[in-house]
There are 2 protein chains.
Amino acid sequence: MHTLAEENYLKAIYKLSLIAENVSTNQIAAELATKASSVTDMLRKLADKLLINYTRYQGVSLTQTGEKVAVNIIRRHRLWEYFLVEKLHFKWDEVHEMAEEMEHISSNELIDRLDEFMGFPTRDPHGDPIPDCNGNFKTNDLKAISAVDVNTCGIISGVRDHSSSFLQYLEKQGLTIGKKITIKEIITYDNTVVLQMNNKDLQISRDVANNLLIAL
Amino acid sequence: MHTLAEENYLKAIYKLSLIAENVSTNQIAAELATKASSVTDMLRKLADKLLINYTRYQGVSLTQTGEKVAVNIIRRHRLWEYFLVEKLHFKWDEVHEMAEEMEHISSNELIDRLDEFMGFPTRDPHGDPIPDCNGNFKTNDLKAISAVDVNTCGIISGVRDHSSSFLQYLEKQGLTIGKKITIKEIITYDNTVVLQMNNKDLQISRDVANNLLIAL
DNA sequence: TTATATTTTTAGACAAGCCTAAAAAATTTA
DNA sequence: TAAATTTTTTAGGCTTGTCTAAAAATATAA
């Protein structure tokens, strides 16, 4: 269907589109750890295939077709992550790279059967929504802990940083998906956040609070 | 670890090595549906990496390392085929192309866990042995139906042709792995073979008899 | 054993996807 | 608004893996 490189570009553009409508060449280059000139080459190719809207110097956005392809890649990625954690018992910080490879297996029939086999899960192990076979999924209505008021309580439901070091840290602190927490205090000196979980207090840095999402 | 192309060449060389010790450039080209000149290029590369023994004009054989890599690819292929049939309920004629992609997912940890998840199967859906995590597997001691004497009986245990048209034909005739059959007669005119299965007679062509394997 | 046919390799080219260096366009700053 | 800076594109090159056409080596046949 599409080459590996094309799929990775579409995924990157999709991800960056969530932050800002129009995506710049440099942003894509940074996301994919490649050079701006390489990005320009690929953008022309993707535009030729009608997967993106592209005018020189003006940045890009996905076409409807492009977005469909991107969402499908994300569906495949998240379903394989779910499989790896729920069926093969990998930890949530171990699955990203494997899923990065597996998401390029092309058969949709395979993915739909995998979905069925696992009971049509709606969230991956990091709390991100899994698109269904039509590409529909609930948009996450989550807030970073750093963005809520003191005394708010909520359920840990997602992360912004998917790096294994961050996920390992959360695991160690017991800050995993589903846990109920209350934001007790924000220390003005360095924005450290004091949480309560299972009747115990826990301090997390501003950085961690920025990357940990809760449902209110 | 190795590129997709390298893995496919190693697999092809391994497969051809089972028929004849030394494998020729043209044989590999035919197996991979490519040109002899392309094969020569790749052989030099594989030889540089010490994966094959290669002298110009003399054909090739796998080194120990090369064979290990090849067997590992076959292990991955067959485990994924097993997964697709046993867990996702695909038919045995539908899984080859998918497994062809999946066999290149690189993590060995993933494959070992998949193996465990499925209870360490020893045969794939076509009856081929699945190498264990050390690369060991039972060699198939099977015979083509065309190669056994009249009145022999045995269990259908493998196929030589993995094409979906052949597998679909077998399925339709009920000639699936595990079935007990007796070779009743070989019609001298065209070598048609008359089988008995479940007390019913069944005629198969010489071609089919050549590609259907039984354990005695 | 020489001629013919086949197989294999070499030479040179091409597409995909990447790179560096330089030019062009857009943006920011003064 | 002109100058400086940043961003993006172009130009040209590299690697991988493929191809065709031609040359070289090997195998077969007369």
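The figures here come from the full heavy-atom set of this structure, side chains too, leaving out hydrogens, waters and symmetry mates. Chain A is the first sequence line, chain B the second, and so forth, proteins listed ahead of strands; every chain is numbered from 1.
- DNA chain C lies under 4.0 Å from at least one heavy atom of each of the following residues of residues 29-36 of chain B: B/Ala36.
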Pair up each side-chain donor or acceptor in residues 87-94 of chain B with any protein partner under 3.5 Å, not counting sequence neighbours, and list the distances.
residue	atom	partner	partner atom	Å
B/Trp92	NE1	B/Leu167	O	3.3
B/Trp92	NE1	B/Glu171	OE1	3.1
B/Asp93	OD2	B/Gln168	NE2	2.9
B/Glu94	OE1	B/Lys91	N	2.8

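- Ion pairing between A/Glu7 and A/Lys11 fails under the 4.0 Å rule for side-chain N and carboxylate O.
- Distance from the side chain of B/Ala5 is smallest to D/dT18 among C/dC18, C/dT10, D/dT18.
- Contact between the side-chain N/O atoms of B/Tyr54 and the OP1/OP2 oxygens of C/dT9 is found at a separation under 4.0 Å.
- Between the side chains of A/Asp190 and A/Thr192, a donor-acceptor pair is found at a separation under 3.5 Å.
- Spacing between atom CG of B/Asp48 and atom C1' of D/dT16 amounts to 14 Å, rounded to whole angstrom units.
- If you check D/dT18, D/dT9, C/dC18 against the side chain of A/Arg56, the one that comes closest is D/dT9.
- Between B/Asn22 atom CG and C/dT7 atom P there is a gap of 16 Å when expressed in whole angstrom units.
- Atom C1' of nucleotide D/dT16 and atom CD of B/Glu6 are separated by 10 Å, given to the nearest angstrom.
- For the pair A/Arg44 CZ and C/dA15 P, the interatomic distance rounds to 15 Å; values are reported in whole Å.
- In the model, B/Ser205 has no side-chain atom that pairs as donor or acceptor with a side-chain atom of B/Asp207 under 3.5 Å.
- Considering only side-chain N and O atoms, A/Asn26 lies under 4.0 angstrom from the phosphate OP1 or OP2 of D/dT8.
- With rounding to whole Å, A/Leu43 atom CG is found 16 Å from D/dT7 atom P.
- Ion pairing between a basic and an acidic side chain is recognised when a charged N comes within 4.0 Å of a carboxylate O; A/Asp149 and A/Lys143 show no such pairing.
- Picking from C/dC18, C/dA24, C/dA11 the nucleotide with the shortest atom distance to the side chain of A/Tyr57 gives C/dA24.
- Between the P atom of C/dA11 and the CG atom of B/Asp41 lies a distance of 11 Å, rounded to the nearest Å.
- Each of A/Met42 and B/Thr25 lies near DNA chain C, and the nucleotide nearest B/Thr25 is the one positioned closer to the 5' end.
- Within the structure, a side-chain polar atom (N or O) of B/Tyr9 is placed less than 4.0 Å from OP1 or OP2 of D/dT18.
- A donor N or O paired with an acceptor N or O is found under 3.5 Å between the base of C/dT20 and the side-chain atoms of A/Ser37.
- Looking at B/Asp115 and B/Arg78, no side-chain N of the basic residue comes within less than 4.0 Å of a carboxylate O on the acidic one, giving no salt bridge.
- Closest contact between the side chain of B/Ser38 and the listed nucleotides C/dT8, D/dT26, D/dC19 involves D/dC19.
- In the model, A/Asp161 has a side-chain atom that pairs as donor or acceptor with a side-chain atom of A/Ser163 under 3.5 Å.
- One finds a side-chain N or O of A/Ser24 lying less than 4.0 angstrom from the OP1 or OP2 phosphate oxygen of D/dT8.
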